[in-house]
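Note that these values count all heavy atoms, side chains included, but never hydrogens, waters or copies made by symmetry.
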Amino acid sequence: MGRPVQQAQDSNFLTVIDERTGEKFRIPIVDNAIDAGAFKKMKAKRAPGEREENETEGGLRVVDTGYSNTAVISSRITYIDGENGVLRYRGYPIEQLAAKSNFLETAYLLIYGDLPSKPQFALFENEVMHHTFVHNDLDKLVSAFRYDSHPMSILTSCFAALGSFAPEANPSLQGQTLYTNAAKGDKAALAAMDKQIYRLLGKSITLAAMAYRIRQGRHFNVPKPGLDYTETFLYLLDHLGEEEYKPNPVIAKALDVLFILHADHEMNCSAASVLQVGSSLVDPYSAVAAGCAALYGPLHGGANEAVIRMLLDIGSPENVPAYIEKVKTKEKVLSGFGHRIYRTSDPRSFIIRKTAEEVFAVTGRNPLLETALTLHDIALKDEYFVKRRLYPNVDFFSGLIYQSLGFPTDYYPVLFAVPRVVGWLAHWRQLMLNPKGVKIWRPRQLYVGEGVRDYVELEGRKEVDPTPANAPTEVPHLFSKRAFLAEYKAKRNEQKPSKL
């Protein structure tokens, strides 16, 4: 799975002295990382009065809440230098790919490791576009959702459902080595893996368009031959029966660039979710559905939506200074600035700002743009934000583009999920191709709960003073109070009707 890991040199070691035992441990530093398993060898006898749940005799555990400094996998896909604002896919700077490549070519690069030759790209593009069509039963599935269902809920459900249409792609049915045999050069396993990749990439735009059109009561479009990937997506979204319909080229290109920028971002929450679930050797459709569910969360996929809501809350450029003061006192939240990885400007933000201007040239300037630019300029000069290294990220301008293109705010995460399917599949494929095999991910925990306790019968228990953490909450029900006051067989007389 890629180049050999750098071997530890004589000076590349971390020396640890366990003062509990006096033992000295010399841990190799490889690729500027140490193996957490080395700490498991640091065992000691339990100290007097120490909790047995600490498992001291089993070796030290490493605590890293939120995986802030833990590498869970070796990868050759995406490199990020957060200190210097660098993002590269397989070694290629994101700036070059956004300017010269297209989304499907970048997808090929992320998945297979190199830019394709002309015949390779023709094969890949043909396969992906061929698989944009979906089974008729998926029309029925999407149509069964409420008209006001969140589109990410629909998309997540559809990805999970896709697996049921491809039993030959399910390791639970075909054997757990269905994909992992690819690491041994098994051509059938490689072909099975690639077919599911084609299917997921192709069908993702179709399912996303279906999730968009269902709320409008519009019929679902069938992909039109002759269009590229983002043009097909726009056609599926917007075509209403017009003859020779073709999306605006500026908008199609802008969406293509946005897709490139969102295609992968290393081991983020959704990518880690895909690999966590994928390590069980479940089918890739279920793993992608898990990634989609993770992206659904507002801390991950909803950031650009939060930017629009913030700008609407500000209202106009003259209100920006007052809003910034409220951010400093934590009365308000500054969305679109700062990043978990980048400690300087997000390199994608420069590309997306240029793309925004190109879009506004055909759609007209977004009314919120002046407010956004005022906020952008003031925040970059304000010592409070400079000191905290809060710089614009990719979400700051992407929401403005999506709004200018007429997408509802709750659809923004879908526009994030569609291209991110590529990154998820690239990481999943890399996991399956590990020559050492796939080991199920099983993080440890640090147990800090109660020690051993004896069971007490119900009648002998004392009621514990309730806190938000240790007692259930009584919630209101939507049923009529009449139903709770009615008499019926087996009714528990001690039960009180809940408040309406």
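Salt-bridge formation is not detected for the pair K326/D313: no Lys NZ or Arg NE/NH1/NH2 atom is positioned less than 4.0 Å from an Asp or Glu carboxylate oxygen. Under a 4.0 Å N-O distance rule, the pair R365/E370 qualifies as a salt bridge. The residues E325 and K328 are annotated as salt-bridged, a charged nitrogen and a carboxylate oxygen being separated by less than 4.0 angstrom. Using a 4.0 Å cut-off between a side-chain N of Lys or Arg and a carboxylate O of Asp or Glu, R348 and D346 qualify as a salt bridge. Checked for salt-bridge contact, K354 and E358 meet the test: a charged N lies under 4.0 Å from a carboxylate O.
K246 contributes atom NZ, which lies 6.5 Å from atom CG of L227 (distance to the nearest 0.5 angstrom). Distance check: T371 OG1 to M310 CE gives 9.5 Å after rounding to the nearest 0.5 Å. We find the OH-CD1 distance between Y323 and I378 to be 13.5 Å, quoted to the nearest 0.5 Å.
Between F165 and H135, the angle of the ring planes lies from 30° to 60°, which puts this pair in the tilted group. Using cut-offs of 30° and 60° on the angle between ring planes, the pair F233 and F259 is tilted. The aromatic rings of H150 and Y296 sit tilted relative to each other, their planes meeting at an angle between 30° and 60°. Classified by interplanar angle (parallel below 30°, tilted 30° to 60°, perpendicular above 60°), the ring pair F124/Y108 is perpendicular.
Using a 4.5 Å heavy-atom cutoff, the side chains of T78 and L110 are in contact. Put simply, the side chain of V394 does not reach to within 4.5 Å of the side chain of H265, judged on heavy atoms. A 4.5 Å side-chain heavy-atom check between W428 and L200 finds every atom pair outside the cut-off. Using a 4.5 Å cut-off on side-chain heavy atoms (C-beta onward), E105 and E125 make no contact.
Checking Q196 against R199 by side-chain atom types alone, a donor-acceptor pair falls below 3.5 Å.
Counting all heavy atoms, side chain and backbone alike, Y112 lies closest to D194 at OH-OD1, 3.0 Å. Between S270 and A294, the shortest heavy-atom distance links the atoms CA-CB, 3.7 Å.
Residues Y412 and F407 place their aromatic rings such that the two centres sit no closer than 6.0 Å.
E95 meets the salt bridge (charged side-chain N to carboxylate O under 4.0 Å, His left out) test with no other residue; sequence neighbours excluded. Residues satisfying the side-chain hydrogen bond (donor to acceptor under 3.5 Å, both in side chains) criterion with S279, sequence neighbours excluded, are absent altogether. For W424, there are no ring pair (Phe, Tyr, Trp, His ring centres under 6.0 Å) partners at least two apart in sequence or on another chain.
Within a 6.0 Å radius of CG in N69, no more than 12 heavy atoms belonging to other residues, nucleotides or ligands are found.
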